[in-house]
Number of protein chains: 2
Amino acid sequence: MLPSSTVENYLKAIFLGQSQLTGAQRLLPMGQLALSLGVAPGTATTMVKALAESGLVEYEPYNGVRLSGAGSRLAALVLRRHRLIELFLVQVLGMRWDEVHDDAEQLEHVVSERLIERIDEVLGHPEVDPHGDPIPSREGEVVWRALDSLLTCPLHTPVTVMRVTDQDAAFLRFLEKHDLKPGQSIEVEARDEVSDSVSLKGKTDQRITIGMRAASKLLVEVR
Amino acid sequence: MLPSSTVENYLKAIFLGQSQLTGAQRLLPMGQLALSLGVAPGTATTMVKALAESGLVEYEPYNGVRLSGAGSRLAALVLRRHRLIELFLVQVLGMRWDEVHDDAEQLEHVVSERLIERIDEVLGHPEVDPHGDPIPSREGEVVWRALDSLLTCPLHTPVTVMRVTDQDAAFLRFLEKHDLKPGQSIEVEARDEVSDSVSLKGKTDQRITIGMRAASKLLVEVR
DNA sequence: ATTAGAATTTTGAGTAGTCAAAATCACCGC
DNA sequence: GCGGTGATTTTGACTACTCAAAATTCTAAT
C-alpha cells in the first residue's frame, strides 16, 4: 500500500517537528503537529492513530508521536524529493528561491522514482538544496551537520552562511537583498539581549541589524 | 472553486473521447467514458451529473455527455500541461518518449501556472509534443490539423509522420526501432484488406508490414 | 489534595469519490 | 406491438479525510 499525499505530509511534518525537539524522548505533541499541518487537533489524533496501526509511528496518548524506523525512512524520502525539486526549479528552470516552495510541496507527492533519480543526476547528486537544507540519500538517510546559528557563533569572526531554516518568501527576499544567502561570508559584530538584536557586517562592509528571532534562522559555519 | 484532479481527468477523458467522435452531436456515451477512466459505469453517471451542475458539461440522460465552453477550455488547459510536461521530460531531462506518459499524467494536475509557463518558455513555445499531439494555447485553444492516416494517404508517395495516436510504451518502442517516429519520411507501398496489412518503405529502403489497426494510429502529411 | 486551565481525545457529522448490484430504459427484431 | 438485450441509472454502502464541539485527561498552582 503506497502512502497517500496526506500520509506523506503527516510523516514529513512529524519528521520536521521532531527535529526541532530537544531531549531523548523526541515526542511531538499533537497540538504542534495539528498546527503545522493546519488541521484541527482531533483530526491529527485520528490520523496519527491510523499511522500507528500501520507501523509508521509510535503513538503515546496524551504525550505525542514519534516516527518509527520505517516512518522516518519514508519521511526522509519525501524530503529528498522536495529538496531535489526545489533545487531543480532554481537551477534548471531559473525560478527564484523564494517562489519554489509551493510547487515543490505539490510535486514531491507525484514524481516517480525514475524521474527524481533523473533530476538528481542532472543536478550532479547535490548535497543541499537552495536553502542549505541537506538532501537525504536514496536510502532515506540524512546527514545532520552541526551548525551554529547567528546567536551562538563566535563574535568578530568570519563565518559562512550555510542554511536558512525559514521558507517564508518575504524573509528569503530580504536575505537575498542583503547578501545573506547560503554561501555568503559575514561576521557578527554584536548581540544585545535588551534590544533583542544582532548586528552583522557583510562582505563589502555593509552593516545590518536584525532581530534575534530572525538571527536564529541563519545557520553558519566558522571558516 | 478550482477543479480536483478527478474532475480534470473526467474533463480530459470527455475531451479526448469527443474528439474521436464523428457526427455533429459529439455526445460521448457513458459506457465509453467509464471505460476510458477505468471506473464503474454508475460512477461516471454520478460524476457527470455533478459536472453538469457546475456547468462544465451538458448531460443528456441515456444519450451521453458533451463539454460546455468552459469545460472544453479547462480540458484543453489540462492537455496543454500534459503535453508540455511530456516534451519537457524528453527534451530537458532526456527521458525516453515511451516512459514519460505516466509521470505527465500525475504532474499535469499539480504544476502551477508559473511553472508551466516557465517550462513553455524553456522549450521555446513548442507546437507539438513528442507524439506530435498539438499543444493547446494558454487560452485553451487547440489547432486541429487535418492529417491523413496511413490508411488514407496516397500510395507510392513520400509522406512525413506527423503524429502517433497511441501512448502504449511497447508500441512507441516499436515505432522508434523501425524509424517511424514523427518527423520521419516514409512511403506506403501497398494496402491489403484481406490480410489486414499495410506495407511501408522507410528512408533507407527497409520495408516493413504492419496491421491496419496499427497503421491507423500513424498520422502523416504529404510533403 | 483540589481544582482551574490547557491540551487531548472522542463523538457525530459532512464531503468527495468509489463500487456492486438492482432497477430501469432504449431500441431492434420479429 | 412485444419482448429481449445491452446500456444506463439508481441505490446502498464503503473509504479517506476533515471539522466543530463535547468529554476527558493531564499538569501545575494553591
Side-chain angles (χ1 to χ4, degrees), chain A residues 1-14 17-18 20-21 23 25-66 71 74-75 78 105-106 108-110, chain B residues 1-14 17-18 20-21 23 25-66 71 74-75 78 105-106 108-110:
Chain A
M1 191 77 77
L2 71 150
S4 66
S5 295
T6 305
V7 167
E8 291 189 341
N9 280 332
Y10 273 85
L11 295 177
K12 191 178 56 165
I14 297 168
Q18 258 186 300
Q20 303 278 82
L21 259 42
Q25 292 290 110
R26 298 256 144 167
L27 267 179
L28 182 69
M30 284 307 166
Q32 227 158 296
L33 178 59
L35 188 70
S36 77
L37 285 167
V39 300
T43 305
T45 299
T46 309
M47 192 64 203
V48 162
K49 282 205 279 190
L51 292 177
E53 281 301 304
S54 45
L56 294 171
V57 305
E58 287 160 37
Y59 169 52
E60 294 187 12
Y62 295 102
N63 290 323
V65 64
R66 167 175 40 227
L74 227 46
V78 176
E105 202 74 8
Q106 295 299 123
E108 67 187 11
H109 304 298
V110 302
Chain B
M1 191 76 80
L2 69 153
S4 66
S5 294
T6 306
V7 167
E8 290 189 343
N9 280 332
Y10 273 83
L11 295 178
K12 191 177 56 164
I14 297 168
Q18 257 186 300
Q20 303 277 83
L21 258 42
Q25 292 291 109
R26 298 255 145 171
L27 268 179
L28 182 69
M30 286 304 158
Q32 227 158 297
L33 178 59
L35 189 69
S36 77
L37 284 166
V39 299
T43 305
T45 298
T46 309
M47 191 64 203
V48 161
K49 282 206 278 188
L51 293 177
E53 281 300 303
S54 46
L56 293 171
V57 305
E58 288 161 36
Y59 170 51
E60 294 186 13
Y62 294 103
N63 290 323
V65 63
R66 167 176 40 226
L74 228 46
V78 177
E105 202 74 9
Q106 294 299 123
E108 67 187 12
H109 304 298
V110 302

Practice problem: Might you point out which heavy atoms bring B/Gly71 and B/Leu11 nearest each other, and give the distance in Å? | Solution: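 What the structure gives for the nearest pair is O-CD1, 4.3 Å.
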
Quiz item: Do you know which two heavy atoms are closest between A/Ala34 and A/Ala44, and how far apart they sit?
Solution: CB-CB, 3.9 Å

Quiz item: To the nearest 0.5 Å, what is the distance between CE (A/Met30) and OG1 (A/Thr43)?
Solution: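 Spacing of CE (A/Met30) from OG1 (A/Thr43) equals 11.5 Å.
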
Quiz prompt | Nearest-0.5 Å distance that lies between atom CD in B/Gln106 and atom CD in A/Gln106 | solution = 12.5 Å

Find every protein N or O atom lying less than 3.5 Å from an N or O atom of nucleotides 11-17 of chain C, and list the pairs.
{"from": "C/dG17", "atom 1": "OP1", "to": "B/Ser4", "atom 2": "OG", "distance (Å)": "2.6"}

Exercise. Tell me, please, which residues at least two apart from A/Glu8 pass side-chain hydrogen bond (donor to acceptor under 3.5 Å, both in side chains).
Key: A/Arg81, A/His109

Got a sec, which residues hit side-chain contact (heavy atoms from CB on, under 4.5 Å) with [X], two or more places apart in sequence or on another chain?
X: A/Ser4; value: A/Thr6, A/Val7
X: B/Gln32; value: B/Leu21, B/Leu28, B/Pro29
X: A/Thr46; value: none

Do any side-chain atoms of residues 48-59 of chain A form donor-acceptor pairs under 3.5 angstrom with protein atoms, and if so which ones, sequence neighbours left out?
{"from": "A/Ser54", "atom 1": "OG", "to": "A/Ala50", "atom 2": "O", "distance (Å)": "3.2"}
{"from": "A/Ser54", "atom 1": "OG", "to": "A/Leu51", "atom 2": "O", "distance (Å)": "3.2"}
{"from": "A/Glu58", "atom 1": "OE1", "to": "A/Arg66", "atom 2": "NE", "distance (Å)": "3.3"}

Quiz item: Between residues 48-57 of chain B and DNA chain C, which residues have a heavy-atom gap below 4.0 Å?
Solution: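 Output list: empty, so none.
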
Quiz item: What are the 5'-most and 3'-most nucleotides of DNA chain D lying under 4.0 Å from any heavy atom of chain A?
Solution: D/dC17 to D/dC26

Practice problem: Quick one: do B/Asn9 and B/Glu108 satisfy side-chain contact (heavy atoms from CB on, under 4.5 Å)? Show the steps, please. | Solution: CA-CA 10 Å; B/Asn9 280 332; B/Glu108 67 187 12; 3.7 Å; yes

Quiz item: For DNA chain D, which residues in residues 28-38 of chain B have a heavy atom at a distance below 4.0 Å?
Solution: B/Pro29, B/Met30, B/Gly31

Where do N or O atoms of nucleotides 22-27 of chain C meet protein N or O atoms at under 3.5 Å, pair by pair?
none

